[in-house]
Protein chains: 2
Amino acid sequence: MMKITGFLATVPLFSGLTPAQYDELAMIATAQTVKKGQPIFAEGDQGNGFYVVGSGLVKIYKLSLEGKEQILHLFGPGEPFAEAAVFTGSSFPAHAMALEESRVFFFPRQAFIELIRQNPDLAMNMMAALSMRLKKFAHLIEDLSLKEVPGRLAAHLLFLSGQQGDADTVALPVSKTQLASLLGTIPETLSRMLAKLAKQGYIATSGPRITLLDRDGLSDLAGGEKRL
Amino acid sequence: MMKITGFLATVPLFSGLTPAQYDELAMIATAQTVKKGQPIFAEGDQGNGFYVVGSGLVKIYKLSLEGKEQILHLFGPGEPFAEAAVFTGSSFPAHAMALEESRVFFFPRQAFIELIRQNPDLAMNMMAALSMRLKKFAHLIEDLSLKEVPGRLAAHLLFLSGQQGDADTVALPVSKTQLASLLGTIPETLSRMLAKLAKQGYIATSGPRITLLDRDGLSDLAGGEKRL
DNA sequence: CGCTGCGTTGAGCTTCTTCAACGATCGTGG
DNA sequence: CCACGATCGTTGAAGAAGCTCAACGCAGCG
């Protein structure tokens, strides 16, 4: 229990709460460990609560009838997922699976709604979290609809670099197969595009580490993303 | 003013509020009329509040550098838009334009946040609204990434039929050019796909009215959407 | 009555996927 | 500790889907 409240204090969604409120959260939470490749829930399952990643890495994804996969989100420690199910009250609209051995905390719907009703700060945090999700989704839609694969790839590499302290060499946090699914393509195409970008001098690849050789060029490919 | 509070009572986002709260909302709201084709805001504009459609039709959309458009949402009377900007506090992530002469109400950020802090019901409504948006976006992403154009078109026709009382003949609420942009394609392709579906006996077209001749067939095309 | 935007159709082409084969890597069990 | 199998990543060749470019009919509106 001590450990849980300590962890909860590090979750942005729960920032600004009082110690008593953390205790309440800890009261309603249940923990579970999921092994690599193990599902957490399936599309269509009843959404009676939401989750927070304690450790590990979780993917949220859709599957087509033919088995093609589109990853909607990757979530790491401290990030909540499936919050929307709490408020729509309906079933999960996508699948969730652990990409590594992970620990996740589950917060049941009704108890959490009580908390949120009594804590305007928690409500504000939740609205901010949902709004950020919407923004990310809008970006993904833009990528899928308006950019070609090289553009999406370039944008993602720049994103990863930013996430990793603007390092020139980034480490892919997931396998290339998963990256392809995240970018809305397939491993073969991703492999070819990486080779192409390398041949054109934009990047150098070495397994799961990619060095950005021409950030401006990548930025152009990505559709003139705003420079920071 | 009387008129505004009366209208606000019909907005789902504001349901369950007291008359006094409607007055407060009416106090902070400002109305504006936008003509057909006129922008309401542009991507990157400072998002200092959100809007509710009073009458007319508004599109939220992204543009690529080459000018291709992807419509994210179409909003009619009673629907809020750009709420997310209230909580991220940053700039609008997309463009908004009136597709018909429209009346929209603007709610400034700070004043609205005050209201929402004091009204758990309003907060709950807002979280439900944001969650519904997320679900719609997840669906759009699924369509763009995992379905081909005929599938998206079939799904949309069934959606329109449902929206219009399960009528067998649906009226397109927007031009075919706009519909193409909504489906993530271009007018030429949409035109060909409509012709193809008609030739295959799924539908019959007559200008902006489309008759569904084989709902089961369309449902299969759409990827086996759940029947209602 | 002309003009402009919308919708349609055709031809060619780009992009991406599919299918297939193969090398490398990694975890596991013998 | 090595050998094996499964998965991952890469590459090639062929094909499908949708886009670009162009032309043209049509309707609505000034």
Side-chain angles (χ1 to χ4, degrees), chain A residues 35-38 59 63-71 97 99-101 143-154 171-200 203-210 221 223, chain B residues 35-38 59 63-71 97 99-101 143-154 171-200 203-210 221 223:
Chain A
K35 294 213 192 69
K36 178 174 178 173
Q38 188 180 333
K59 72 171 169 182
L63 286 178
S64 73
L65 290 183
E66 306 84 43
K68 189 182 171 189
E69 171 187 289
Q70 172 68 48
I71 295 180
M97 176 182 287
L99 287 179
E100 314 169 351
E101 168 140 350
D143 283 359
L144 289 173
S145 177
L146 303 178
K147 291 178 186 166
E148 300 174 347
V149 176
R152 292 177 222 163
L153 174 54
L172 297 182
V174 293
S175 73
K176 290 183 182 175
T177 298
Q178 295 299 307
L179 177 60
S181 171
L182 189 60
L183 296 178
T185 186
I186 56 175
E188 293 96 320
T189 299
L190 175 63
S191 181
R192 286 183 241 270
M193 294 309 167
L194 281 169
K196 196 174 93 179
L197 291 191
K199 194 171 63 182
Q200 296 176 343
I203 61 174
T205 68
S206 161
R209 344 192 90 262
I210 296 176
L221 275 181
Chain B
K35 294 212 191 69
K36 178 175 177 172
Q38 188 180 331
K59 73 171 169 183
L63 286 178
S64 74
L65 290 183
E66 307 85 40
K68 190 183 169 188
E69 172 187 289
Q70 172 68 48
I71 295 180
M97 176 182 287
L99 287 179
E100 315 168 351
E101 168 140 351
D143 282 1
L144 289 173
S145 177
L146 303 178
K147 290 178 187 167
E148 300 175 344
V149 175
R152 293 177 222 163
L153 174 55
L172 297 182
V174 294
S175 73
K176 290 183 181 175
T177 298
Q178 295 299 304
L179 177 59
S181 170
L182 188 60
L183 296 179
T185 184
I186 57 175
E188 292 96 319
T189 299
L190 175 63
S191 181
R192 286 183 242 269
M193 293 309 167
L194 281 169
K196 195 173 93 177
L197 291 191
K199 194 170 63 183
Q200 295 176 343
I203 61 173
T205 67
S206 162
R209 344 190 91 261
I210 296 175
L221 276 181

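Because only heavy atoms are used, hydrogens play no part in the values below, and waters and symmetry mates are left out as well, while side chains stay in.
- Here A:Lys36 contributes atom NZ and A:Glu100 contributes atom CD; the two are 8.0 Å apart, rounded to the nearest 0.5 Å.
- To the nearest 0.5 Å, atoms NZ (B:Lys196) and CG (B:Leu194) are separated by 11.0 Å.
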Hey, what are the protein-to-nucleotides 25-30 of chain D N/O distances that come in under 3.5 Å?
none

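- Between A:Ser145 and B:Gly184, the shortest heavy-atom contact is OG-CA, 4.1 Å.
- Within the model, atoms CD1 of B:Ile186 and CZ of B:Arg192 stand 7.5 Å from one another, a figure rounded to the nearest 0.5 Å.
- Axis angle across the helix from C:dC1-D:dG30 to C:dG30-D:dC1, with five pairs used at each end and values rounded to 10°: 40°.
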I need a per-nucleotide contact map over nucleotides 7-19 of chain D, read 5' to 3'. Cutoff is protein heavy atoms under 4.0 Å; write B for the base, S for backbone only, - otherwise. --SSBBB---SSB
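- Of the inter-residue distances, the one linking A:Glu148 atom CD with A:Asp143 atom CG reads 12.5 Å to the nearest 0.5 angstrom.
- One N or O on the side chain of B:Ser175 and one on the backbone of B:Gln178 form a donor-acceptor pair closer than 3.5 Å.
- Not a single donor-acceptor pair under 3.5 Å links the side chain of B:Gln70 to the backbone N or O of A:Leu146.
- Checked for salt-bridge contact, A:Lys59 and A:Glu69 meet the test: a charged N lies under 4.0 Å from a carboxylate O.
- What you find for A:Leu144 and A:Leu183 is that their closest heavy atoms are CD2-O, 4.0 Å.
- Rounded to the nearest 0.5 angstrom, A:Met193 CE and A:Arg152 CZ are separated by 9.5 Å.
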